[in-house]
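Working notes, structure below.
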Amino acid sequence: MDYNWDFSSILLYKQLFWIGLQNTVILGSVCLVLGLFFGLFVGAARFSGKLWLYYPATVFVEVFRNTPVLVQIMWFFFAFPIIAPFRIDAFTAASLGLTLNTIAFSSEIYRAGLQSIAKGQWEAGKALGMSYSEQMRRVILPQSIRRMLPAFMNRAVELFKMTSLASVIAYGELVYQAKVISTIEFNPIETYTTVALVFFAVLFPMTIIVRRFETNNSVGR
Amino acid sequence: MIYEWDFWVVLSDFDLLLLGLFNTLKITGLALVFGVPLGLLLALLRLYGNLAVRLPVGFIIEFLRTTPPIAQLFWFFFALPILIGVEINPFEASVLTFSLQSSAFFAEVFRGGIQSIDSGQWEASKALGMQRNETLRRIVLPQAVTRMIPAFLERAIELMKTTTLVSTISYADLLYQTNNIAQSTYRTIEVFTIAAAMYFVVIFACSLAVRRLEIRLARTGETLVNGRT
């Protein structure tokens, strides 16, 4: 039980941690931006009521929501390259898996948000001579995005936690760097504690902001 | 790019995959068995403990919720044994990690459920001469638990998906078996696709059941709990 904590070995490798954190942020941001962007279209496809759009979008969403994200990442890293016509490195595989996963989850947020807007808003837009995309862009989305914001931020927190899974396929994010350092220095206690603290320091403020948003929103309405 | 698919090679190892699935369910089940009561305890401590209890408990819950499960798993598997000087095998580390991790999430579900109960219920119980513990046990929790059931089950499904991480510390769950079979047969794409399909069947079935239950609860909810729309 007498273990001497020694964080000096961590300071020695702070460069690696820094690189790891950068890679975590890069992977997370890329997947977040792409996921939220394409999620809108998938969500709109499920919302549209057109069956030829609804069914493929639904299958996509259910598949990615109901399989573990680690399986998705590993599928894209180990299995997909066999049939893909191009090379796939760890970053591509991880961002493919995480992006598609984020698309699936965010599309559900969009769908719920769109459903929460009263039908009269669409009809009013139509009465003013707006096209479908105009109604969506100028009337519906601006109102619903505000309601969706807390859910999106929750999703972002989840996503940044999920980027740690990319360490399994040797993408050099935080957990992977910790693994490397702890095998060199044999200090898993300090390295993994540091990694957990870094994640906590970054994500906890985010969750507080989300909570504040949620209460503000519910008070406002 | 023509690839010749061959699912038969993989299907001959299907018993290994089933064994893996069984282990996945075992870890999930055990984590639920330990995680739910612990979650209730944490929620009660966070709600009704004094400041010296509330703050550390709150910190533990938030910490477990905002750090990646894989970092927690590695911590319990690689770091904890050194710290306490006791060997911990992959199975124990997995159960430990996922019990604690899910308890933090369950604690928040419990807390939300308990807080959603109208304060009039507390006052009515007090008027009937009930103690706080009694009120909690006989009035508040029974009502809260009904409301929490969907959130619980959703969390349990999330938990099952997260247990795939145990494959990284060589516990023989479905994903670990998949990796092994892929390496021995070189039929990577087939075995990973089959494994994904197996996960999908199990998890999707659970999700559908939860959704159906949710609709039923929402319908009966108004008669079950007064004053709630």
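First the proteins, then the strands, lettered A, B, ... as listed; each starts at 1. Excluded from the calculations below are hydrogen atoms, water molecules and symmetry mates; all remaining heavy atoms, backbone and side chain alike, are included.
- Residue B:Tyr48 places its OH atom among more than 12 non-hydrogen atoms of other residues, nucleotides or ligands, all under 6.0 Å distant.
- Counting non-hydrogen atoms of neighbouring residues, nucleotides and ligands closer than 6.0 angstrom, the CH2 atom of B:Trp5 exceeds 12 such neighbours.
- Proximity to chain B (any heavy atom under 4.5 Å) is restricted, for A:Thr207, to the side chain, taken from C-beta onward.
- Contact annotation for A:Thr191: neither backbone nor side-chain heavy atoms come within less than 4.5 Å of a heavy atom of chain B.
- No more than 12 heavy atoms of other residues, nucleotides or ligands shown are found within 6.0 angstrom of CZ on B:Phe22.
- Chain A forms more heavy-atom pairs under 4.5 Å with one residue of B:Ile70, B:Ile189, B:Leu175 than with any other, namely B:Ile189.
- Contact tally against chain B (heavy-atom pairs below 4.5 Å) for A:Ile189, A:Leu165, A:Leu203: the top residue is A:Ile189.
- Within 6.0 Å of CZ on B:Phe59 lie more than 12 heavy atoms contributed by other residues, nucleotides or ligands.
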Quick one, B:Arg155 with B:Glu158, criterion salt bridge (Lys or Arg N to Asp or Glu O under 4.0 Å). Give me CA distance, side-chain angles, the key distance, then yes/no.
CA-CA 5 Å; B:Arg155 206 53 239 169; B:Glu158 269 317 297; 5.0 Å; no

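- B:Leu165 touches chain A through backbone and side chain together, each having a heavy atom under 4.5 Å away.
- Of the two parts of B:Thr193, the backbone and the side chain both hold a non-hydrogen atom closer than 4.5 Å to a non-hydrogen atom of chain A.
- Under the 30°/60° scheme for interplanar angles, the aromatic rings of A:Phe7 and A:Trp5 are found to lie parallel.
- When heavy atoms are compared at a cutoff of 4.5 Å, B:Arg65 approaches chain A by way of both its backbone and its side chain.
- Taking the ring centroids of A:Phe213 and A:Phe152, they lie at or beyond the 6.0 Å cut-off.
- For the set A:Phe199, A:Phe160, A:Phe200, A:Phe78, the entry with the most heavy-atom pairs within less than 4.5 Å of chain B is A:Phe200.
- Side-chain atoms of A:Arg155 and A:Ser106 form no donor-acceptor pair, as typed in the model, at a separation below 3.5 Å.
- A side-chain donor-acceptor contact under 3.5 Å links B:Ser116 and B:Arg147.
- For a residue to count as touching a neighbouring chain, one of its non-hydrogen atoms must lie under 4.5 Å from one of that chain's; by this rule A:Leu197 touches chain B with backbone and side chain alike.
- A perpendicular orientation is assigned to the rings of A:Phe86 and A:Phe80, their planes being inclined by more than 60° (bins at 30° and 60°).
- Contact residues of residues 60-73 of chain A toward chain B are A:Glu62, A:Val63, A:Arg65, A:Asn66, A:Thr67, A:Pro68, A:Leu70, A:Val71 (heavy-atom distance under 4.5 Å).
- Both the backbone and the side chain of B:Thr164 have a heavy atom closer than 4.5 Å to some heavy atom of chain A.
- For the pair A:Lys179 and B:Phe78, the cation-pi test (distance below 6.0 Å, angle within 45°) is failed.
- Proximity to chain B (any heavy atom under 4.5 Å) is shown, for A:Phe76, by neither the backbone nor the side chain.
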